[in-house]
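Read through the structure below, which is laid out as structure tokens, and then see the notes.
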Amino acid sequence: MSRYWSPIVSKLQPYVAGEQPRIPGLVKLNTNENPYGPSPTALEAIRQAADDRLRLYPDPAATELRQTIAARHGLTAEEVFVGNGSDEVLAHAFQALLKHERPLLYPDVTYSFYPTYSLLYGVETVEVSVYDRFQIRLADYDRPCGAIIIANPNAPTGIGLPLADIEALIAAHPDAVVAIDEAYIDFGGDSAIPLICKYPNLLVVQTLSKSRSLAGLRVGFALGRRELIEALERVKDSFNSYPLDRLAQVAATAAIKDEAWFETCRKMLIASRDGLVRELEALDFEVLPSQANFVFAKHESQSGAALQAALRERGVLVRHFAKPRISEFLRISIGTDEECARLVSAFKEILSA
Ligand SMILES: Cc1ncc(COP(=O)(O)O)c(C=O)c1O
């Protein structure tokens with residue numbers, strides 16, 4: 001707290017990102033990065049663009065990237081918004097579309113940036129309780145609201161909702177924007193993008209950080225009807241005209257076009273996830289059903305915090321949230337098969353000690 005701060009600053013609850021230590025040989029399974037690396041064509045696009053043109057500002061509208069994303073999803077570029085990571089896209093959505101007199105609804109166990117943005121932008125919220133093993137019950141959203149945001153699959157649980165449920169939610173709230181945060185959708189769920197043509201109140205947010213393995217590039221996007229995208233553009237152009245630099249625009253465009261790389265990495269990751277779930281279950285973990293590039297798991301006798309600390313001593317990083325209801329769980333990103341094997345052998349050593 002400082003007398004120089006604007007009054008709101010002391011009230012904020014900033015998001016705490018997973019650590020990014022530089023320890024050689026570390027098995028880093030704590031921030032849901034993709035172990036397989038970006039498309040080689042994306043890297044080549046960066047090399048080709050890294051020249052004197054960097055003295056010029058980039059295209060403020062990221063036109064080619066938006067056209068490429070639009071073409072992939074059968075939409076027009078006018079229905080695509082891009083931002084500096086989906087975090088920025090979400091932040092703009094909170095300000096532009098999710099803030100109303102009536103409250104914004106989201107699950108009480110979900111991506112922890114939602115309460116952070118709500119505080120930042122003064123969004124009235126109701127955190128809707130998930131039930132039993134972190135299931136989202138649609139009937140609980142049947143109440144007056146200004147907007148809804150759901151991460152599908154949810155984070156940090158990895159649990160996905162069927163598309164029919166998502167559609168029912170959108171259809172039940174025609175006067176409210178329903179934002180679906182699909183950061184992890186490519187690892188097992190059905191995207192709501194095909195519903196955009198049917199529902200003017202649907203905004204779908206995706207990222208290149210996970211399934212395209214470009215967390216370091218910071219590119220995310222939102223898809224929806226023109227009316228919704230225009231609101232995001234108005235906020236963006238009141239904030240930063242150039243959120244995506246030249247290198248990010250060309251690399252993201254190349255990555256979206258490289259379907260073969262995307263498919264290969266996605267399938268390898270899903271196969272590794274299935275293998276890791278079996279190994280963890282054999283070690284007496286309860287593993288929630290995951291459609292994401294991570295699993296959320298709880299050991300039958302060891303505490304989450306103790307396991308995280310013991311793994312860290314063995315050079316394996318996973319994420320632990322010291323929060324009510326989830327403090328016994330570990331969120332473990334899926335690595336390569338070798339990394340998963342190192343995790344499992346570290347667990348075996350810890351559990352047999
Ligand atoms: C549910 C969810 N949404 C959005 C994001 C943000 O991703 P990025 O800003 O890298 O696009 C994350 C990152 O972990 C996430 O878990």
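For reference, positions follow the sequence shown, starting with 1.
Looking at Ser86, its side chain never comes within 3.5 Å of a backbone N or O of Gly220 through a donor-acceptor pair. Between the side chain of Arg273 and the main chain of Ala292, a donor-acceptor pair closer than 3.5 Å is present. Of the possible donor and acceptor atoms, one in the side chain of Arg246 sits under 3.5 Å from a partner among the backbone N and O of Leu56. Using modelled atom types, one side-chain atom of Thr157 and one backbone atom of Ile159 make a donor-acceptor pair closer than 3.5 Å. For Arg53 (side chain) and Ala50 (main-chain N/O), no donor-acceptor pair under 3.5 Å exists by modelled atom type. The backbone N or O of Val318 sits less than 3.5 Å from a side-chain atom of Gln308, completing a donor-acceptor pair. Side chain of Asp181 to main chain of Ala183: a donor-acceptor pair is present (N/O by atom type, distance under 3.5 Å, no hydrogens or angles). Panel note: side chain Asn293, backbone Phe187; no donor-acceptor pair is recorded below 3.5 Å.
In Glu281, the CD atom is crowded: over 12 heavy atoms of neighbouring residues, nucleotides or ligands sit closer than 6.0 Å. Within 6.0 Å of the CD atom in Gln135, the count of heavy atoms belonging to other residues, nucleotides or ligands exceeds 12.
In this structure, Asn34 and Ile334 have side chains that are not in contact, with every pair of non-hydrogen atoms separated by 4.5 Å or more. Residues Glu182 and Val205 are not in side-chain contact: their nearest non-hydrogen atoms beyond the backbone lie 4.5 Å or more apart.
Across Arg266 and Asp186, no two heavy atoms sit closer than the pair NH1-O, 2.7 Å. When every heavy atom of Gln48 is checked against every heavy atom of Glu44, the shortest pair comes out as NE2-OE2, 2.6 Å.
Interatomic distance, OG of Ser112 versus CD of Gln13, reported as 11.0 Å (0.5 Å rounding).
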Checklist line | From CA spacing to verdict: ring-ring contact (aromatic ring centres under 6.0 Å, His included), Phe113, Phe94 | finding: CA-CA 11 Å; Phe113 241 128; Phe94 270 69; 9.1 Å; no

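The list of side-chain hydrogen bond (donor to acceptor under 3.5 Å, both in side chains) pairs with a residue in residues 57-81, not counting sequence neighbours, reads Asp59-Thr63, Arg72-Glu259, Thr76-Glu79. Listed by first and then second residue, the salt bridge (Lys or Arg N to Asp or Glu O under 4.0 Å) pairs involving residues 316-340 are Asp108-Arg325 (not counting sequence neighbours).
Ring geometry for Tyr114 versus Tyr106: interplanar angle over 60°, hence perpendicular rather than tilted (30 to 60°).
Residues meeting the side-chain hydrogen bond (donor to acceptor under 3.5 Å, both in side chains) test with Tyr121, sequence neighbours left out: none.
Ring-centre distance between Tyr117 and Tyr15: not below the 6.0 Å cut-off.
Under the side-chain hydrogen bond (donor to acceptor under 3.5 Å, both in side chains) rule, Tyr184 has a single partner from Asn32, Asn152, Asn154, Thr207, which is Asn32.
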